[in-house]
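Here the structure comes first, spelled out in structure tokens, and everything after it is commentary.
Order of the sequence lines fixes the chain letters, A, B, ..., with proteins taken first and strands second; residue numbering starts at 1 for each chain. Just so we're clear, the structure is a prediction, and the values are computed from it rather than from any experiment.
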Amino acid sequence: MISYLLRRILISLLVLIGISIVIFVMLHLISDSPGRVVLGPQASAAAVEAFNRENGFDRPLFVQYVDYVVQLLHGDLGRSYKLNEEVSVLFAQNAGRSAVLSLAGLVLALAIAIPLGILQAVRRNTVVDRAATGIAYLLYATPSFLVALLLIALLSQLVPLFPAEASQSPSPWVVFTDPRAMALPLITLALTNVVVFSQYQRSAALEQLGMDYITVARAKGAPERIVLMRHLLRNACIPLITLVGVMIPTLLAGNLIVESVFNYPGLGLLFLNSLHREDYPVLLAYTLIGGALTVLGNLLADLVVASADRRIELSR
Amino acid sequence: MNRPAPRGAVGAREQAMLTIRDLSVEIRAGERTVRPITGVDLDLTRGETLGIVGETGSGKSMTGLSIMGMLPTGSAITSGSIRFDGEELVGADPRSYRALRGRRISMVFQDSLTALNPTRRVGNQVAEPLLLHGLASRGQALRRAEEMLALVGIPRPSERMRDYPHQLSGGMRQRVMIAMALIAEPDLLIADEPTTALDVTIQAEILDLLGRLKEQLGMAMILVTHDMGVVARHADRVGVMYAGRLVETGPTRSLFRQTRHRYTRALLDSIPSLEQDRGVELHSIPGSPPDPAESVPGCRFAPRCAAATERCRTERPRLEGDGGHVFACWNPVTDATAAAPGRALARASAADASTEARLEVVDLVQEHPVSGWAPKGRRRTVKAVSRVSFAVRAGETLGLVGESGCGKSSLGRMLVAMDRPTAGEVRLEDAKVSGVRRRELAPRRAKLQMMFQDSGAALDPKMTIGTILREPLAIQGIGTAAERTERAIALLDAVGLGPSILERYPHELSGGQRQRIGLARALALDPDVLVADEPVSALDVSIRSQVLNLMRTQQRERGLSSVVISHDLAVVRYLSDRVGVMYLGKIVEIGATDEVYERPAHPYTAGLLAAVPVADPDAPAPDQAERVRGELPSPLDPPSGCRFRTRCPLATELCAAVEPVLEAVGAAHEVACHFPLQPKTGDATGASEPTPRPATEEAA
Amino acid sequence: MTTAHPELSEKTDVIVATATAARPLPVRAVLRALRRNPMAVTGASLLLLLALFSFAGPLLYPTNQTDVNLLDALLPPGEGYPLGTDPNGFDVLGRLMLGGQVSLEIGLLAAVFATTLGTVYGAVAGLAGGVVDAIMMRFVDVLLAIPFLFFVLIIAARFTATPLTLSLVIGGFSWLVSARLIRGEVLSLRVREFVQAARLMGAGDQRIIFTHLIPNTFGVIIVNLTFQVADAILVIAALGFLGFGLSYPVTDWGSQLSSGVAYITAGNWWLIYPAGLCIVLVVLGLNLLGDALRDVLDRRR
Amino acid sequence: ASKVDPSQYHTIPAASGKAVDGGVVTIAMTPGLAPNYIFPYPPAAANGAVIGNDLMWRTLYRADADGKSNADTSLASAPAYSDEGRTVTIAMKKNSWSNGKPVTAGDVVFSLAILKAAVAQSAANWAFYTPGQFPDGVTATAQGTDTVVLTLEKAYNPAYLESLLQQLVVIPSADWSIAASGGPVLDYTDPANASAIYTFLTGQSSDQSTFATNPLWQVVNGPFSLKSFEPTTGSFSLTPNKAYTGPGKHALERVDFKAFTSAAAIYNQYQAGTITVGRLDSSYSSKIEELRAKGYNVYAAPAPARSDPLVINFANTAGGFDKIIAQPYVRQALQHLVDQPGYIKSRGVYNGAASENYATVGLGSVFPPDFGDKALYPFDPKAAEKLLTAHGWKVDKAGTICEKPGAGSDRCGEGIAQGQKIAFTLASASSPSYVGARDLAFSSEAKKLGIDVKVVSKSLNYMYENYTNPGAPANTNEWAMQDSGPLVMASYPTANGVFNTDGSFNLGSYSNPEADKAIEASVFGSDPKALSAETTLLSKDLPVLFLPTPDNLIVWRSTLSGPPDTFEGLLKFIYSPEQWYFTEKQKQ
Ligand SMILES: Nc1ncnc2c1ncn2[C@@H]1O[C@H](COP(=O)(O)OP(=O)(O)OP(=O)(O)O)[C@@H](O)[C@H]1O
Ligand SMILES: Nc1ncnc2c1ncn2[C@@H]1O[C@H](COP(=O)(O)OP(=O)(O)OP(=O)(O)O)[C@@H](O)[C@H]1O
Ligand SMILES: [Mg+2]
Ligand SMILES: [Mg+2]
């Protein structure tokens, strides 16, 4: 276990370094003269040059990269000149809201998808299964922003149940304190994820249902409920853990769109606004964080899977 | 003989615990309806072991699952009755059925890896039936589970309780399965191929264990298997199934001695055994079993039966007979028609000792690094093959046997230069062929060919058979397109297939046909050396003999030097002139086939031979002392000295300290053992009887 | 005659011949199996319908999609404009056809680009094995860990989107999954016995790759391509929605939907839902077809 | 979308109702303009948008919406000129800082010193700076506490100078002339000290979390001081400065400025009734009745001194564009293709809420061009075609080409090759939506004459950073025209900086010696007519193409009242909440 853990962490670190290189290179391809970007069009060439010199942007790329990494290690994600603020501070202010929204959406999606997927597997090829699969196909084909717009049209405009705009309160806990205002964003997130998770869960459960140990459990005289809860559930959820880990970039992208449609002030909206402002330090820092989150998510997922399913460490 | 058998004749004996009558099952899958079992009658009395044998797909498992009331979704019992202890099970309500399962009727499955829940601890799984049926509190159940693990021979059961299934070896898992099935002390145990995935050595232990426990607990048992040897030794009565029907059933001795059904007879004749005359060709059953979705009016075996008449094809035979031995055959075997000896084979003359060695192996070593990161120098390696040397002469066939994981395949692949050895070399006619560049090897490449175990995987699914057979010629640039096709047809002919098959794709062929194509392709380049790795182990019994016969003919006719790898001792014996026994990457004994099989010199060889079940109920029970016990040690760090010492009943300190080398024990017979079972030639001390010591259960 | 059992060979031939009476080419067999698969039929019909709508539609229903019509802007569906007009006075129905052409073209181009790149990359990595493979795949891991939409957005915001650049950018980021898939496939094929058998016969790398590996990954590639098209269309839609889509005179469904969203408070539904429906249908069709194809090809394995 | 009648909302209701004390006014800030800086002289690097601009620190002279200095709210009385305008004497009025100290002449000198330090560090640090001009060549001395004397190297047009002094924020010399927290008060007349002070103050202003707590920022001379600031969004709250002595009753308890990310979000909040005052762009003009029904006053008008130019890049050499566009007749032809009345009418563009404008100074300026509101080059594709054919172009829908190259009155013009096409890229701001719509309409009209205008949608910031020739010369050939929305002139709307050859705002590298001369005359001369002459010349020469000016909607709760000009001021972001009051008691 320990050696597996170390190996996974080592690989994750390697990937992280790779990500930082890619993003660093990206930063330099996009805006080769930070001074110009920062000082704006009116600044004289000399001022730009001076700025670049002062901030070390004229040094060899490798040196700058090392610097960049050292900064990152100190938790310094750079500075948003456009917002006159450290990127880390901006993130600290926004991350809570996004994280709570994402996690709530994820938990909600899983809470629906896991039982639904298992139900579909157990009742495969029945009306229930076919209907759920059909809806999943349809929803999967619907871009999440369209889901959001349809929800607004239906649940906010046609039947005014929920507001069309997410809560604007700065508290990260609005999902719980103001659930009405967060209903539509949450439903959108949940719906778009449920279709992926439930179909995955269905096939995972189907595969497990075909395994002999399920038959063995029945042969022991276990009632169906116990077969499903005690034997199937855990094994059928293991692939889903990996999926959630792998899907983190998709989840982040989903958040981006939901935050944009519902005007929810979180990291996604910060990203979009920065995109319009061409605020590269923020953009790339968020991309970096997204990458790091993905790596971390994958690592965590692998570790959870490994501890849930001890076979992993042997097979690798 | 024409008179339909009265119902009662099926041997409905008194105090039958389980009575199955006219059981038929249907499975609907889409538009297809499969009838895996039709009209099966069975009886089982308390304390009895009923063996059910039959080829793949004959409905053995379905019968077992029907009794458990656990048929797969989409299937239904269409007719018949199953009475257990006077209670009708067909149509019983799910609750009362559940109360029966795991408590009064239990089941042991074949694949112990998937049959155990990978994410639950072994102890909990074993204890579960008691808890499910409310037979014990949690604490009691766990204690009972530990006792049960001890009972099935698991060392240090209290530690194993907390293990996960993957942490146990295959044999251990199978024991856990048995413990789980028996913990509630059921009246009936259904063991569905409980040992098929295991090595013979472990198979023997498990089957003995099952027999012992059955006695102890006074259960009845249904032992499902496709191995005639297993039933011969372990069953009281035997039922033979073919294509969903029970074709013959009777007391074991009677069934084997007075076999009546043509299929049973053919089956018995086609099994290579350790006793049979190697000079005589195996009997083989042509064709392959019918598609279970098709309904056949007459006897299902008729299309493959040499004695079939018109009646067989149109009228369905019923079970008849007496004394509990019944069979469904219109033209049963009588003493007069019984086994005519097979055709004799011309002994290959090329393979006499005078001929020079064609293929030579010198100190061959293969070590696979264990995947994963480790500092250089400290990398752990799997010692798959360790300093193996031997030679194969022209026209000679060398057999390699040994337990799973002992390095047979690794060795085989190096012989045909598919893998590079870590050390040592392979020489073909005095030219080095191992570890050389592809270019240097090129002229000899075609001379070294291999036949694979799973020809389904060894044939490119996207190519027609014609393309597959022409490919070697195309690669080597032999002949024109037309000539290649001609050659392909000739090859097909050689393996007993018609040219019509050229345009087909591999998936359109049966397993036996595919294996023949595999052989044909290996022969396409006229190789000097042919390595066959488990050539028939994926095939069913009735088809196996077809391929075996074919291989033997080809070996002889072409004067090939071949190496046949198999874990099946009978197969190796049938095909080889000489045989090498491998243990943990080493050859521990090598010699002329008859020598080795009749006078094994290494305790391991003797143990292996003792473990092979013989398809003869009268065969003497093998000597328990000769048994190989315990499990194969890890090839990561094999034991010092003699690698077999941890499982050897004769081992002494000497064995741990000094590694034995191959020494002659006969004219063409060598063994690597400090205490060989045969006197060493020219070595007086070696001939002395070693001190036998009691074997310990526990391998260090 | 070297045959071991002449009588045997004839018999087996008969038996097998009845079991598999017809011996079709795989392609035709796949097509036939697809024709019997309701998912495939639905998916293919949807695609055909939308392709016809986009490419043949303008022939039957020609509209002016270049000249802005200031006076007829933002008309609701009605006479002359079955789906109304947009803020520039373009007929929405006609614009949907134009958007369809562009969306489908970009989707296909991006998918072909991604699949080609991914296949080559994955195959090279899989075949090379060892350190090369490890390095190549770590690189894929790195890119895969970076949220793709973010990257595409940054690039799209920086450079002017044209159908070609969009396809390249989307393709340039979505080849990763194909690469992994093909590598996995090649890795498993590489150790498959039929490949080893070919090596045993002296086949060189080239032969192995072209006659054994590639034909056997073809199914996976095709299925992957289908999904890639669907995903690319969704990505274009998302880009368009976030305001980084194409601009006049070209348009795509996502951009249309996006420009419509600005008018959502005004109740101009015809600017949003028809384009949305088109996206849903085409992606649905592709996914259905892809899944059906995978089922059919899987079964043949 | 029904047509709107502009006459319905062109008047502001007079102040009415009885003022009740208290109440919180919530002001919606323009989307994307969230403030991030507190020190009133933000460096360029901060991309500063200053919190409560003008509400905490007042400028020396404070302009009204029409650009004239307001005698009541300014910190000094009107300047007196002598020595041919090279000496300017400014008398300070009696005002005090929130800590009780008086606002003195020294504070003005201090402010100028800091401004000089700022532009010395980077020319970009003050948006109104043209190197060599104000504050360069200006020496300020305090005569006593009440009089400031400015000595100029070269006399400016008084109106121009005053417009610059309207930008001079007066900051507290007694409290801010330090270079470290708790450090000694420095002599700010030493440029080195001034520079250190400036660095210190900007440094203090980079920590957003301390904006509301740093005692430095609590010293104000405006009507409000900062109560809280929400760095995430840029929203902030102001409380009345009790020591404030200017006009206004200060009835309100608090003023909240709320940041928004989209106009739609603001509109939603109006629907929900959670904001008191704010602006909407013209696309919401069809919603005026709805807003009124919800209890809001709506006033809409084009912002003063605003024009919506289609900026031309004269330096773009791609496709020979520079040579083509250098020809006045081409610019005229293109202007003939801009259908201003059509855009205004179209539901898809302005939906009636805009006005035609053909001058650089915008509508209703006190410095109008001599042709007035008239369109010199009205929408007339035929005229455009005629201009082109008359100059040797073969007009063809499939692609107009030059047939007669060379100089001469009936020829295409110098540098234009035979067979040359007219094809160029128009960068169009991605929001608000009318920008894209009008550019698209222009492009479509051009296409009919065989002129290929490729419209590319870009974010405003992107254009600012990449599509300005002096700032980003490398990108010159990427754009030929850009529509980045409004261009707003200072209260003395000279095109100095915008259209003079070396102007720092000369985005399109427009260069015309005559125009340079005219601009010089209006900046340094003393003739009040000079600016009209400049405007006339520029508007005729078309340094840009002119587009209609959209109305801005000012929306406020009908229970809020105050002098009408304080609401009109919102058009130019001039907030005077100290003069507002509620006419009904507000619920807490
Ligand atoms: N779920 C199922 N759906 C359709 N057909 C099935 C299903 N399960 C089994 N069959 C078919 O039923 C027949 C009998 O199967 P069964 O498993 O009883 O054979 P078996 O004798 O146990 O074979 P084996 O030795 O391979 O275990 C086979 O032809 C098989 O293909
Ligand atoms: N590529 C490999 N990497 C690591 N270990 C390997 C590799 N191939 C084989 N081994 C290990 O080498 C040992 C010998 O394997 P090999 O396949 O030669 O045995 P075998 O005798 O053919 O067994 P079986 O009867 O199961 O086919 C086993 O322990 C196996 O796990
Ligand atoms: Mg079975
Ligand atoms: Mg093997």
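- Applying the 6.0 Å contact sphere to CZ of B:R103 captures no more than 12 heavy atoms from other residues, nucleotides or ligands.
- Ranked by heavy-atom pairs under 4.5 Å with chain A, the first of B:I190, B:L116, B:T114, B:L65 is B:T114.
- In this structure the side chain of A:R124 reaches within 4.5 angstrom of the side chain of B:T73, judged on heavy atoms.
- In this structure, A:A219 and B:M107 approach most closely via the heavy-atom pair CB-CB, 4.5 Å.
- The side-chain heavy atoms of A:Y213 and B:P118, taken from C-beta on, include a pair separated by under 4.5 Å.
- The CZ atom of B:R98 sits 9.0 Å away from atom CD1 of A:I226, with the distance rounded to the nearest 0.5 Å.
- Side-chain atoms of A:H231 and B:E128, non-hydrogen and from C-beta on, do get closer than 4.5 Å to each other.
- For A:R230, the parts lying near chain B are the backbone and the side chain together; criterion is any non-hydrogen pair under 4.5 Å.
- Residue contact with chain A, scored on non-hydrogen atoms closer than 4.5 Å, is absent for B:L100.
- When B:G102, B:P165, B:A99 are compared by the number of non-hydrogen pairs under 4.5 Å with chain A, B:G102 comes out ahead.
- Between A:K220 and B:M180 there is a side-chain heavy-atom pair separated by less than 4.5 Å.
- Within 6.0 Å of OH in A:Y68 there are more than 12 heavy atoms belonging to other residues, nucleotides or ligands.
- Neither the backbone nor the side chain of A:I214 comes within less than 4.5 Å of any heavy atom in chain B.
- Contact between A:P223 and B:L132 at its shortest, heavy atoms only, is CD-CD2, 4.1 Å.
- The parts of B:Q125 that come within reach of chain A are both its backbone and its side chain, each placing non-hydrogen atoms under 4.5 angstrom from that chain.
- Between chain A and the options B:Q110, B:M70, B:M68, B:R95, heavy-atom pairs under 4.5 Å are most frequent for B:M70.
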